[in-house]
Amino acid sequence: MKKFATWNVNSLAIRLPQVLDWLAAHPVDALVLQETKLTDDKFPTMEIGEAGWQVQWFGQKTYNGVALISRERADGVIKNITGFADEQARVIAGTVGGVRVIGGYFPNGQAPGSDKFAYKMNWLTGLRTWLADELKAHEQLVLMGDFNIAPEDRDVYDPVAWAGQIHCTPEEREHFQQLLGLGLTDAFRLFEQPAKSWSWWDYRNLAFRKNQGLRIDHILVSEALKGRVTACEIDKAPRKNERPSDHAPVIVTLDI
DNA sequence: ATGCCAGAGTAGCTCTGA
């Protein structure tokens, strides 16, 4: 049995103690982090290593930044999307125990029609092109991260208000479907899930207390792993911490 | 119609996030 997880921590400098606590309680094979918001020289390599974990990291100043924490050392580590030139640190990939683990912090996109939205579309195309090659090279693959896409209306607390808004545009949802078209499966939807399951809640408006959120953090698995998924859950517990990230971790369990 | 909250850096405000 293997477990993999993803968590947008919204600053690892702030959230490191919570990440170490979470790992101690959830001994996963690999955890990918997004929005570390740290330059590589400031990454807490020591603290993570002392807790008994291997780690690969790829960051920049102020924004973005990703990491791959694993029990076994990750091989074949790649940073960002091969073939897609990018100033922003958004992807880290590595092979852990024979499984290709890809962690991504997908662009936010800000608003349809903006430059940032155009960047998001180009980035998604670049990701898909590269992923096709990764899937050819690695039969067992998990793509995890903050996709910044709510795939369907049931992934949105108020789909009428959010219709056509960022994370919910037809263009973004089409890109999500094209990722599935590569042979990937949304592990969360392999199971019956509670209605109103979200992975992100706005810090404002008491959104968590009112359970007003979006499901934008996902775990997609390759064909070879699809039949091996035994569970996929969102862990809301860390969102109840005193100083939480606005995102919750998502965990997948595989019978491999 | 807008901002709410949170984090980081150019700092005592602006930018970005979702």
Side-chain angles (χ1 to χ4, degrees), chain A residues 6-19 22 32-44 57-67 86-91 103-124 127 144-176 188 196-218 234 236 238-250:
Chain A
T6 176
W7 192 5
N8 179 325
V9 292
N10 185 22
S11 169
L12 186 58
I14 300 287
R15 233 67 66 188
L16 179 62
Q18 291 181 38
V19 170
W22 191 87
V32 289
L33 304 179
Q34 301 89 39
E35 287 206 87
T36 54
K37 298 187 176 177
L38 290 169
T39 51
D40 288 345
D41 58 302
K42 298 216 172 103
F43 194 87
W57 61 97
F58 178 42
Q60 66 180 87
K61 200 166 137 186
T62 312
Y63 302 117
N64 311 315
V66 286
D86 198 347
E87 299 291 304
Q88 304 181 21
R90 293 188 174 277
V91 175
Y105 176 49
F106 292 36
N108 174 293
Q110 203 165 56
S114 67
D115 289 348
K116 286 175 182 169
F117 189 82
Y119 165 71
K120 184 174 194 172
M121 295 297 107
N122 290 333
W123 190 93
L124 285 161
L127 175 73
M144 309 188 278
D146 176 359
F147 283 51
N148 274 318
I149 300 173
E152 300 175 51
D153 279 354
R154 62 176 165 162
D155 300 311
V156 183
Y157 73 96
D158 186 347
V160 174
W162 281 79
Q165 301 297 309
I166 197 64
H167 304 114
C168 303
T169 65
E171 294 95 328
E172 292 164 280
R173 287 177 169 178
E174 174 58 24
H175 270 288
F176 189 88
F188 190 76
K196 304 183 192 303
S197 287
W198 323 124
S199 67
W200 170 86
W201 301 258
D202 202 310
Y203 283 122
R204 299 168 289 186
N205 301 322
L206 305 171
F208 184 70
R209 218 195 292 179
K210 294 189 277 190
N211 196 30
Q212 296 179 340
L214 306 174
R215 191 177 73 94
I216 53 178
D217 300 85
H218 306 297
I234 297 167
K236 287 173 75 166
R239 189 65 176 77
K240 297 170 187 167
N241 285 334
E242 195 176 328
R243 206 176 169 188
S245 167
D246 43 356
H247 295 254
V250 187

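First the proteins, then the strands, lettered A, B, ... as listed; each starts at 1. The shown structure was predicted, so the numbers you read here are calculated from the model rather than taken from an experiment.
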d([atom1], [X]; [atom2], [N]) in whole Å:
{"X": "A:Gln165", "N": "B:dG17", "atom1": "CD", "atom2": "P", "result": "16 Å"}
{"X": "A:Asn148", "N": "B:dT16", "atom1": "CG", "atom2": "C1'", "result": "12 Å"}
{"X": "A:Arg15", "N": "B:dA6", "atom1": "CZ", "atom2": "P", "result": "10 Å"}
{"X": "A:Asp217", "N": "B:dG17", "atom1": "CG", "atom2": "C1'", "result": "13 Å"}
{"X": "A:Arg90", "N": "B:dT16", "atom1": "CZ", "atom2": "C1'", "result": "11 Å"}
{"X": "A:Asn64", "N": "B:dG9", "atom1": "CG", "atom2": "P", "result": "13 Å"}
{"X": "A:Arg243", "N": "B:dA8", "atom1": "CZ", "atom2": "C1'", "result": "12 Å"}
{"X": "A:Asn8", "N": "B:dC5", "atom1": "CG", "atom2": "P", "result": "20 Å"}

Using a cut-off of 6.0 Å, state whether more than 12 heavy atoms not belonging to A:Asp115 lie near its atom CG.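 No - once you tally the heavy atoms of other residues, nucleotides and ligands closer than 6.0 Å, there are 12 at most.
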
Whichever of A:His247 and A:Leu38 has its nearest DNA chain B nucleotide further upstream toward 5':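 Result: A:Leu38.
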
My understanding is that only residues two or more places apart in sequence, or in another chain, count here; which of them pass side-chain hydrogen bond (donor to acceptor under 3.5 Å, both in side chains) with A:Trp200?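 A:Trp200: side-chain hydrogen bond (donor to acceptor under 3.5 Å, both in side chains) contacts with A:Asp246.
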
Who pairs with A:Glu174 by side-chain hydrogen bond (donor to acceptor under 3.5 Å, both in side chains), at least two apart in sequence or on another chain?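 A:Glu174 satisfies side-chain hydrogen bond (donor to acceptor under 3.5 Å, both in side chains) with A:Gln178 once adjacent residues are dropped.
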
Interatomic distance at [atom1], [N] relative to [M], whole Å:
{"N": "B:dG7", "M": "B:dA18", "atom1": "P", "answer": "14 Å"}
{"N": "B:dT2", "M": "B:dA6", "atom1": "P", "answer": "23 Å"}
{"N": "B:dG3", "M": "B:dA8", "atom1": "P", "answer": "23 Å"}
{"N": "B:dT14", "M": "B:dC4", "atom1": "P", "answer": "12 Å"}
{"N": "B:dT10", "M": "B:dC5", "atom1": "P", "answer": "25 Å"}

Identify whether any heavy atom of A:Ile14 sits under 4.0 Å from a base atom; if not, whether one sits that close to sugar-phosphate; answer base, sugar-phosphate or nothing.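 Sugar-phosphate: the residue A:Ile14, judged by heavy atoms under 4.0 Å, touches backbone atoms but no base.
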
[X] side-chain N/O to [Y] backbone N/O, donor-acceptor pair under 3.5 Å:
{"X": "A:Arg239", "Y": "A:Phe208", "value": "no"}
{"X": "A:Gln18", "Y": "A:Arg15", "value": "no"}
{"X": "A:Gln88", "Y": "A:Tyr63", "value": "no"}
{"X": "A:Asn108", "Y": "A:Gln110", "value": "yes"}
{"X": "A:Asn122", "Y": "A:Tyr119", "value": "no"}
{"X": "A:Gln212", "Y": "A:Tyr157", "value": "no"}

Between A:Arg215 and A:Val250, is the side chain to side chain contact (heavy atoms under 4.5 Å, CB included) condition met? List the steps. CA-CA 10 Å; A:Arg215 191 177 73 94; A:Val250 187; over 6 Å; no

Which ones in residues 109-123 of chain A lie close to DNA chain B, meaning a heavy atom under 4.0 Å from one of its atoms?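 Heavy-atom contacts with DNA chain B come from A:Gln110, A:Lys116.
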
Which residues in residues 204-215 of chain A have a heavy atom closer than 4.0 Å to any atom of DNA chain B?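 Per residue number, the list reads A:Arg204, A:Asn205, A:Leu214.
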
Under a plain distance cut-off of 3.5 Å, with no hydrogens placed, do A:Asn10 and A:Tyr203 share a side-chain donor-acceptor pair?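 Indeed, the side chains of A:Tyr203 and A:Asn10 share at least one donor-acceptor pair under 3.5 Å.
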
Pairs meeting criterion salt bridge (Lys or Arg N to Asp or Glu O under 4.0 Å) with involvement of residues 197-207 of chain A, two or more places apart: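 Checked against salt bridge (Lys or Arg N to Asp or Glu O under 4.0 Å) - neighbours excluded - the pairs reaching residues 197-207 of chain A are A:Asp202-A:Arg204.
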
Within less than 4.0 Å of OP1 or OP2 of B:dG17, is there a side-chain N or O belonging to A:His167?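 False: A:His167 side-chain N/O out of range (4.0 Å or more) of B:dG17 OP1/OP2.
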
For B:dA6 and A:Ser245 - does any side-chain N or O of the residue sit under 4.0 Å from the phosphate oxygens OP1/OP2?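 No, because none of the side-chain N or O atoms of A:Ser245 sits under 4.0 Å from OP1 or OP2 of B:dA6.
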
Of all the nucleotides listed (B:dA6, B:dA18, B:dG7), which has the minimum atom distance to the side chain of A:Ile216?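 It is B:dA18.
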
Using 30° and 60° as the class boundaries, would you call the ring planes of A:Trp7 and A:Trp22 parallel, tilted or perpendicular?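 Ring orientation of A:Trp7 relative to A:Trp22: tilted.
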
Tell whether A:Asn108 reaches the base of B:dA18 with its side chain through a donor-acceptor pair below 3.5 angstrom.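 Present.
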
Contacts under 3.5 Å, N or O only, protein and nucleotides 10-12 of chain B:
residue : atom : partner : partner atom : Å
B:dT10  : OP1  : A:Lys61 : NZ           : 3.2

